[in-house]
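Have a look at the structure below, then the notes.
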Amino acid sequence: MPRFFIDQPLTADAELSLPDAVVRHVQVLRLNAGDALTLFNGAPADWECPATVLSVGKREVRVQLGAAQQVSRESPLWLGLAQGISSGERMDFTLQKGVEMGVSVFQPLTTRRSIVRLQGERADKRLARWRDIIVSACEQCGRNTVPALQPIMAVEDWLAQSAQLDGARLMLSPQGSARLAQLPTVNAAWLRAGPEGGLTDEEERAALRAGWTGLTLGPRILRTETAALAAVAAMQQRWGDY
């Protein structure tokens, strides 16, 4: 059944017009009056609402809502991903698959080896695009809780605040010595991953001084779009719902 995110209240038995972006999806899917779909708005989390299409026009689609239901597809592992911003479609891919794999919050970081530098209006536009990717991934994978996307931060500034973070703090590093199988069970964790070229030696040393644990995924060097997702999958296997 098609699922769509809408930023509107979902009240049982109410009729409403779908937003333009969802109207286009309904038209592409060739839905007609009487067809069923599911809506969610992320607030409150873990709730979704069945709906029935009443009419499909060129610019408007009206639906009638059913009774909202609490349906959680969240992992028991709360997981934050602090990702060094990568270029091209790599960051988009990381966000999309991270949502599918259960990441709870994304923190984009500018590091010394980041190829992409985002500031001002350019940063705002990129964040808006990333939010759209996150929402679309939730629609596809069935999550009713939309992961948070934090503002872009310089890695040094974010690291200075990281002592306040809850849960284990793990940094992917080719020089890391810790393995997931050796770590104690946790129900919350942060994972930090570098961009293309990884983190610099100084960035890694600063994280270790701040109490982060260097995590290895084996002897092979993984690409930025592979490393974080491989670690997320392994963490879900170790502590989550895989």
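For reference, positions follow the sequence shown, starting with 1.
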Approximate separation, where rounding is to 0.5 Å, of [X] [atom1] and [Y] [atom2]:
X: Cys138; Y: Phe4; atom1: SG; atom2: CZ; value: 14.5 Å
X: Asp201; Y: Arg112; atom1: CG; atom2: CZ; value: 10.5 Å
X: Glu100; Y: Leu95; atom1: CD; atom2: CG; value: 11.5 Å
X: Ile133; Y: Lys97; atom1: CD1; atom2: NZ; value: 11.0 Å
X: Asp20; Y: His25; atom1: CG; atom2: NE2; value: 11.5 Å
X: Gln96; Y: Leu229; atom1: CD; atom2: CG; value: 10.0 Å

With hydrophobic residues grouped by side-chain heavy-atom distances under 4.5 Å, do [X] and [Y] end up in a single group?
X: Leu79; Y: Leu215; value: yes
X: Leu31; Y: Leu65; value: yes
X: Trp78; Y: Leu180; value: no
X: Met235; Y: Leu222; value: yes
X: Val105; Y: Ile85; value: no

For the residue pair [X] and [Y], establish whether any side-chain heavy-atom pair is separated by less than 4.5 Å.
X: Arg143; Y: Val99; value: yes
X: Val103; Y: Val232; value: yes
X: Val63; Y: Leu18; value: yes
X: Ser114; Y: Pro195; value: yes
X: Gln83; Y: Leu191; value: no
X: Leu217; Y: Arg179; value: no
X: Leu39; Y: Asn41; value: no
X: Pro2; Y: Leu29; value: yes

- Evaluate the side chain to side chain contact (heavy atoms under 4.5 Å, CB included) criterion for residues Asp46 and Val71: first the C-alpha distance (whole Å), next the side-chain angles of each, then the deciding distance (0.1 Å), finally the verdict. CA-CA 5 Å; Asp46 292 341; Val71 181; over 6 Å; no
- Item | Whether over 12 other heavy atoms sit under 6.0 Å from Asn187 CG |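 At most 12 heavy atoms, drawn from other residues, nucleotides or ligands, come within 6.0 Å of this atom.
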- Among pairs that include at least one residue of residues 215-242, which meet ring pair (Phe, Tyr, Trp, His ring centres under 6.0 Å), considering only residues two or more places apart or in two chains?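 Passing the test, one end in residues 215-242: no pairs.
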- Message: Listing request: all ring pair (Phe, Tyr, Trp, His ring centres under 6.0 Å) pairs with a residue in residues 122-164, at least two apart in sequence or in separate chains.
- Response: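 Of all non-adjacent pairs touching residues 122-164, those that pass ring pair (Phe, Tyr, Trp, His ring centres under 6.0 Å) are Trp158-Trp190, Trp158-Trp212.
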Might you point out which heavy atoms bring [X] and [Y] nearest each other, and give the distance in Å?
X: Val186; Y: Ala189; result: CG2-CB, 4.4 Å
X: Thr213; Y: Ala178; result: CG2-CB, 3.6 Å
X: Cys49; Y: Ala67; result: SG-C, 4.5 Å
X: Pro147; Y: Phe106; result: CB-CE1, 3.9 Å

Kindly say whether [Y] contributes a backbone atom to a donor-acceptor pair with the side chain of [X] at under 3.5 angstrom?
X: Glu74; Y: Gly102; value: no
X: Thr111; Y: Val155; value: no
X: Arg238; Y: Leu183; value: yes
X: Ser86; Y: Met91; value: yes
X: Gln236; Y: Ala233; value: no

Sequence neighbours left out, what passes salt bridge (Lys or Arg N to Asp or Glu O under 4.0 Å) with [X]? Give chain and number order.
X: Arg205; answer: Glu202
X: Arg73; answer: Glu48
X: Glu89; answer: none
X: Asp35; answer: none

- Task: Give the intermediate values and the outcome of side chain to side chain contact (heavy atoms under 4.5 Å, CB included) for residues Arg59 and Gln27.
- Result: CA-CA 10 Å; Arg59 296 184 179 179; Gln27 292 170 339; over 6 Å; no
- side chain to side chain donor-acceptor pair (under 3.5 Å) partner of Asn144, chosen from Gln69, Gln70, Arg3: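 Only one of Gln69, Gln70, Arg3 forms a side chain to side chain donor-acceptor pair (under 3.5 Å) with Asn144, namely Arg3.
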All side-chain contact (heavy atoms from CB on, under 4.5 Å) counterparts of [X], not counting sequence neighbours:
X: Ser17; result: Glu60, Arg62
X: Glu225; result: Arg90, Phe93, Thr94, Arg223
X: Pro19; result: Ile6, Gln8, Val22
X: Val135; result: Phe5, Glu139, Val146

- Query: When you look at Leu127 and Leu149, which way does the side chain to side chain contact (heavy atoms under 4.5 Å, CB included) test go after all the steps?
  - Reply: CA-CA 8 Å; Leu127 284 168; Leu149 175 64; 3.8 Å; yes
Which donor-acceptor pairs under 3.5 Å do the side chains of residues 9-16 make with protein atoms, sequence neighbours left out?
none

- Task: May I have the step-by-step check of side chain to side chain contact (heavy atoms under 4.5 Å, CB included) for Arg192 and Leu159, ending in yes or no?
- Result: CA-CA 10 Å; Arg192 180 181 172 189; Leu159 184 62; 3.8 Å; yes
Per-pair distances, 0.1 Å, donor-acceptor, side chain in residues 166-177, under 3.5 Å, sequence neighbours excluded:
| residue | atom | partner | partner atom | Å |
| --- | --- | --- | --- | --- |
| Arg169 | NH1 | Ser162 | O | 3.4 |
| Arg169 | NH1 | Ala210 | O | 3.1 |
| Arg169 | NH2 | Ala210 | O | 3.3 |
| Ser173 | OG | Gln175 | N | 3.0 |
| Ser173 | OG | Gly176 | N | 3.4 |
| Ser173 | OG | Glu204 | OE1 | 2.6 |
| Ser173 | OG | Glu204 | OE2 | 3.2 |

